[in-house]
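Working notes, structure below.
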Amino acid sequence: MQTIQIYNTYTRTIEKFEPLQPPFVGIYLCGPTVYGLPHLGHVRGPVFFDVLHRYFKKCDYKVRLVRNITDVGHLVNDADEGEDKIARLAKIEQLEPMEVAQFYTNKYHEMLNALNLLPASIEPRASGHIIEQIEMIETIIKNGYAYASNGSVYFDVLKYSASHNYGKLSGRVLEDLIAGAGNEARELEGQGEKRNPNDFALWKKAGPEHIMQWNSPWSRGFPGWHIECSAMSKKYLGDCFDIHGGGMDLLFPHHESEIAQSTACTSHNPAKYWMHHNMITINGQKMAKSLNNGISVQAFFSGDHPLLEKAYSPMTLKFFILMAHYRGTLDFSNTALQAAEKGLSRLMAASETLKTINPSAIENGSVKLLVDEAYQALNDDLNTPILISKLFELATIINSANGGTTAISEEELTLLNTHFDSLIFDILGLKTEASAINEKLDGVMQMLLTMRNEAKQNKNFALSDEIRNKLSDLGFEIKDGKEGSFYSIL
RNA sequence: GGUCGGAUGGCCGAGUGGCUAGGCAAAGCUCUGCAAAAGCUUCUACAGCGGUUCGAACCCGCUUCCGACCUCCA
C-alpha cells in the first residue's frame with residue numbers, strides 16, 4: 001500500500017495519512033448552500049476531493065464520503081434582519097423554499113456529473129436533520145457550553161476557551177477576535193442576547209417572516225450556521241472520523257466553530273485531518289457570489305459570458321484546476337484555459353496512441369522511473385501538477401515510440417498499459433469527450449477518409465482538399481500520419 | 001487594525017541549498033503534394049536590497065507590491 005502524506009491544516013504540517021480504522025476512511029466535505037447557480041469557484045473543491053476519493057479507492061481503502069446539502073440556508077448578515085437566504089429567494093420568486101433548494105441541488109448535481117465526479121456515499125440535507133441538530137444542541141447545553149437566551153441558543157465561546165483552544169485551526173487568538181476592528185462595523189441581530197459578541201448561534205428563534213422554521217425546546221426557529229455539519233458528520237461518520245475538507249474560506253468561523261461544537265458535545269475534535277483547498281481568483285481576486293464576479297458553470301460550458309473568449313468543456317475545466325496545486329490560488333484566464341485545453345488533448349491523444357504501440361527488444365529506460373515519480377507526486381500531498389508533468393513526459397515517450405525515434409520494451413509497455421490510463425482516467429477522473437461520436441458517424445467518416453485517400457493516390461488534390469476543407473468547416477480536423485489518416489472533432 | 005499566505009521565464013504553473021519541472025505560445029528542422037498532427041532542437045526565469053554559505057530563486061532580515069480571513073462564501 002502507498003504511503004500517502006497530506007497537509008493537515010489543524011497542525012499546519014504534512015502528515016502521514018493513517019486512517020483511524022483501516023481500511024475504512026471517513027470523509028466529510030462541506031457542500032453547497034443551494035440558493036444559487038454553481039459558479040467556477042464551486043468546482044475546485046469537488047474536483048480536488050474527487051481525486052483524493054479516487055486515489056484512496058485505488059489504494060483499496062473503503063471510503064465513505066459524506067457531502068452535505070445546505071438547504072436550510074445560512075443567515076444573511078445584512079439588512080435582511082437575519083432572514084435566511086433560501087427563504088428570501090423563495091419569496092421573491094414565489095416558490096416553495098424546498099422547490100428552490102431542489103432546483104439548485106439539481107443544478108449542482110448536473111455540474112458534478114458533467115465533471116465526471118464520483119457520487120458521494122451519503123448526501124444529507126440539513127433540513128432532514130433538524131432533530132439531530134436539536135439533540136446535539138441539547139447535549140452542548142447540558143455540558144455547559146451553550147445557553148438559551150430569548151428563544152435562541154448561543155455557544156459560549158469564553159467558557160469553551162477556558163479549557164479549549166478556540167482559534168487553533170484558523171490561527172486566531174480570542175483576544176484579537178474580541179478586539180478585532182472588524183467587529184465594530186458589525187451590529188448583528190440578536191447581539192444583545194449574547195453574553196459575548198463572539199458567541200455564535202446554535203439555534204435562532206424565527207420571526208414570522210421566516211418560511212422555514214421548526215419546533216424546538218427553545219422556540220419555533222431554525223438551526224444556527226455551523227451545527228448542521230457537526231450533527232450530520234457525527235451521525236454518519238461518528239464522533240471521530242478521518243478527514244474533514246472544504247474551502248479555505250470556511251476555516252473561520254465555520255470549521256473553527258464545528259470543532260468547538262463537536263468538542264463540547266463529544267470531547268473530541270471530530271476529524272483527524274483537516275484539509276482545505278484554496279480559491280479560484282479572477283483578476284487576482286476571489287471569485288465569490290458576494291463580489292459579483294462569478295462565472296456560472298453553465299455559462300462556462302456554453303461560453304456565454306463577456307469574460308469568456310469561447311466555451312470550455314468540463315474536462316478542460318477539470319484539467320485546468322488539476323494543473324495547479326490545491327493549496328495555491330488559481331487565477332482564471334482565457335489563455336491559461338486554452339493552454340489546458342490543448343495540453344489535455346495531447347494527453348488524450350497519447351492514450352490512444354499507446355494502444356497501437358508494439359514492444360521492442362530495447363528498453364527506453366525512463367518509463368519505470370516516471371511512473372514511480374507520478375505516484376510519488378500523488379503521495380506527496382496530492383501534487384497533481386507534478387503528476388501531470390510526469391504524464392506529459394510519458395506522453396512524449398509514447399509519441400516517440402510511435403514515431404520510431406525511441407523504443408519501449410515489453411515490460412515497459414505493460415507498465416504503461418497498467419498505469420498511464422489508470423492515472424488519467426481512474427485517478428484524475430478525466431474522460432474522453434469525443435465519446436459523443438457514435439459508430440455510425442465514425443463509419444461515415446472512415447468512408448470519407450478512404451475516398452480522400454483514393455483521390456490523393458490519383459493525385460486529384462483538388463478533390464482531396466475539398467473533402468478536407470469541407471470537413472474542417474464542419475469541425476473535423478484531418479491528420480495524415482504514417483499509419484493512415486485520422487480525424488478528430490474540434 | 002489583527003492573523004495568515006503570496007511575488008518564478010511571453011503566459012499558466014511546479015519545485016529545490018549545487019543537477020531539465022511540465023504545459024501553452026514563439027522560432028528552426030524532420031516528415032509531407034500542401035496543411036495539420038507527430039518527432040527533434042532552441043528560448044534558462046525566480047520582486048528589490050542586505051546577510052548566512054564554498055555555493056541561494058530556495059535559509060535569515062528588511063523593503064515594496066498583491067491577496068485571503070477577521071461571524072454570506074467553495
Side-chain angles (χ1 to χ4, degrees), chain A residues 12 29-33 35 38-49 73-78 85 167 170-173 175-177 179-184 186 188 197-201 225-226 245-254 256-257 276-281 284-291 294 319-320 323-325 327-331 333-344 346-347 349-350 353 377 383-393 396 399-400 402-406 456 459 461 464-465 468-469 472 477-482 485-486 488:
Chain A
R12 296 179 186 249
L29 303 178
C30 289
T33 304
Y35 67 97
H39 65 68
L40 234 39
H42 292 116
V43 176
R44 195 170 191 188
V47 164
F48 166 68
F49 285 110
H74 288 168
L75 286 171
V76 174
N77 176 28
D78 53 24
K85 275 176 182 167
S170 54
R172 256 154 253 266
V173 182
E175 288 75 47
D176 295 337
L177 287 173
N183 282 340
E184 294 162 15
R186 294 194 173 88
L188 296 180
N198 292 292
D199 292 351
F200 54 89
W225 316 331
H226 315 300
M248 281 186 182
D249 50 351
L250 296 180
L251 230 33
F252 190 90
H254 187 57
E256 194 71 63
S257 301
H276 294 90
H277 64 264
N278 216 318
M279 305 289 109
I280 287 183
T281 59
Q285 262 207 321
K286 182 174 70 165
M287 191 177 284
K289 194 175 175 68
S290 54
L291 295 172
F319 195 64
F320 169 70
M323 285 213 309
H325 188 76
R327 285 194 283 120
T329 54
L330 174 61
D331 201 50
S333 77
N334 280 285
T335 46
L337 257 324
Q338 282 160 34
E341 186 175 52
K342 293 203 173 174
L344 176 62
R346 198 160 106 81
L347 219 46
T353 305
N383 196 326
T384 53
I386 293 285
L387 163 62
I388 289 169
S389 80
K390 299 303 169 191
L391 291 174
F392 274 116
E393 292 188 54
T396 300
N399 288 333
S400 299
N402 188 46
T405 54
T406 189
K456 278 170 66 180
K459 305 246 184 245
F461 295 125
S464 70
D465 284 356
R468 186 176 64 192
N469 292 340
S472 172
E477 186 180 33
I478 307 302
K479 303 162 211 176
D480 294 332
K482 282 201 169 66
S485 299
F486 305 92
S488 60

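Proteins get letters first, then strands, A, B, ... in listed order; numbering begins at 1 in each.
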Rounded off to whole Å, could you give me the CD-to-P distance for the A:Glu256 and B:rC73 pair?
15 Å
Which pair of non-hydrogen atoms, one from A:Ala324 and one from A:Leu330, has the smallest distance, and what is that distance?
CB-CD1, 3.7 Å
I'd like to know whether A:Met279 forms a side-chain contact (heavy atoms from CB on, under 4.5 Å) with A:Met287, so could you lay out the CA-CA distance, the side-chain angles of the two residues, the decisive distance to 0.1 Å, and finally the verdict.
CA-CA 8 Å; A:Met279 305 289 109; A:Met287 191 177 284; over 6 Å; no
Take atom CG of A:Leu387 and atom C1' of B:rG23, then tell me their distance rounded to the nearest Å.
14 Å
What is the distance, rounded to the nearest whole Å, between atom CE of A:Met287 and atom P of B:rG67?
16 Å
Please state the C1' separation for the pair B:rC49 and B:rC54 - nearest whole angstrom.
23 Å
Is A:Ser170 reaching over with its side chain to a backbone N or O of A:Leu251, donor-acceptor style, under 3.5 angstrom?
no
Mind calculating the distance between CD (A:Gln285) and C1' (B:rG67) to the nearest angstrom?
9 Å
Verify the stacking flag for A:Phe461 against B:rG33: centroid separation must be under 5.5 angstrom and the ring planes must differ by under 30 degrees.
yes
After noting the C-alpha distance and the side-chain angles of A:Asn399 and A:Arg346, does the key distance pass the side-chain contact (heavy atoms from CB on, under 4.5 Å) rule?
CA-CA 10 Å; A:Asn399 288 333; A:Arg346 198 160 106 81; 3.8 Å; yes
Report the nucleotide, chosen from B:rG33, B:rA25, B:rA74, that has the shortest atom-to-atom distance to any side-chain atom of A:Lys342.
B:rA25
Would you write the dot-bracket representation of RNA chain B, where each base gets (, ), [, ], | or . depending on whether it forms a Watson-Crick or G-U pair under 3.5 Å and with which partner?
(((((((..(((.....[...))).(((((.......)))))....(((((..]....))))))))))))....
Pick the P atom in B:rG5 and in B:rC19, then give their distance to the nearest Å.
27 Å
Taking all non-hydrogen atoms of both residues, which atom of A:Pro385 and which atom of A:His325 are closest, and how far apart?
CG-N, 3.5 Å
Can you name the nearest heavy-atom pair linking A:Gly245 to A:Phe49, along with the distance?
CA-CZ, 3.6 Å
Measuring only the C1' atom in each nucleotide, how far is B:rG39 from B:rA47? A whole number of Å is fine.
38 Å
Roughly how far apart are A:His42 NE2 and A:His39 NE2, rounded to 0.5 Å?
4.0 Å
Is the backbone of A:Arg468 close enough, under 3.5 Å, to the side chain of A:Ser472 for a donor and an acceptor to pair up by distance?
no
Distance, C1' atom - from B:rG50 to B:rC70, rounded to whole angstrom:
34 Å
Counting the atoms with a prime plus P, OP1 and OP2 as sugar-phosphate, which does A:Leu29 contact under 4.0 Å by heavy atoms, base, sugar-phosphate, or nothing?
nothing
Correct closest heavy-atom pair for A:Phe320 and A:Asp331 would be CZ-O, 3.5 Å
In terms of relative ring orientation, are A:His254 and A:His226 parallel, tilted or perpendicular, with 30° and 60° separating the classes?
tilted
With P as the reference atom in both, quote the distance from B:rC4 to B:rG18 in angstrom, rounded to an integer.
28 Å
In B/S/- notation (B base, S sugar-phosphate only, - none; protein heavy atoms under 4.0 Å), nucleotides 34-44 of chain B written 5' to 3' is BBBSSSS----
If you compare all heavy atoms of A:Gly171 against all heavy atoms of A:Arg12, which two are closest, and at what distance to 0.1 Å?
N-NH2, 3.3 Å
Could you encode protein contacts along nucleotides 4-16 of chain B as a string, one character per nucleotide from 5' to 3', using B for base contact, S for sugar-phosphate-only contact and - for no contact, with a heavy-atom cut-off of under 4.0 Å?
-------SSSSS-
Given B:rC73, B:rG23, B:rA74, the nucleotide with the shortest approach to the side chain of A:Phe392
B:rG23
What's the gap between B:rG15 and B:rU52 when it is taken at their P atoms, as a whole Å value?
29 Å
Identify whether any heavy atom of A:Glu341 sits under 4.0 Å from a base atom; if not, whether one sits that close to sugar-phosphate; answer base, sugar-phosphate or nothing.
nothing
Rounded to whole Å, how long is the line connecting atom CZ of A:Phe252 with atom C1' of B:rU3?
11 Å
Using the P atom as the point on both nucleotides, what is the distance between B:rG1 and B:rA56, in whole Å?
35 Å
Whole-Å gap separating P (B:rG33) and NZ (A:Lys459):
7 Å
Roughly how many Å apart are B:rC66 and B:rU8, using the P atom of each and rounding to a whole number?
14 Å
When we call it a touch if two heavy atoms are under 4.0 Å apart, what does A:Gly45 touch: a base, just sugar-phosphate, or nothing?
nothing
Here the distance between atom P of B:rG67 and atom CD1 of A:Ile280, to the nearest Å, is 18 Å
Can you check the A:Met248 CE to B:rG67 C1' distance for me, whole Å?
12 Å
Could you report the tightest heavy-atom contact between A:Asn278 and A:Arg327, atom names first, then the distance?
ND2-O, 2.9 Å
Under the side-chain contact (heavy atoms from CB on, under 4.5 Å) rule, what do A:Phe319 and A:Ile388 come out as? Steps first, then yes or no, please.
CA-CA 9 Å; A:Phe319 195 64; A:Ile388 289 169; 3.7 Å; yes
Per nearest nucleotide of RNA chain B, the residue lying toward the 5' end, A:Glu393 or A:Ser464, is A:Glu393
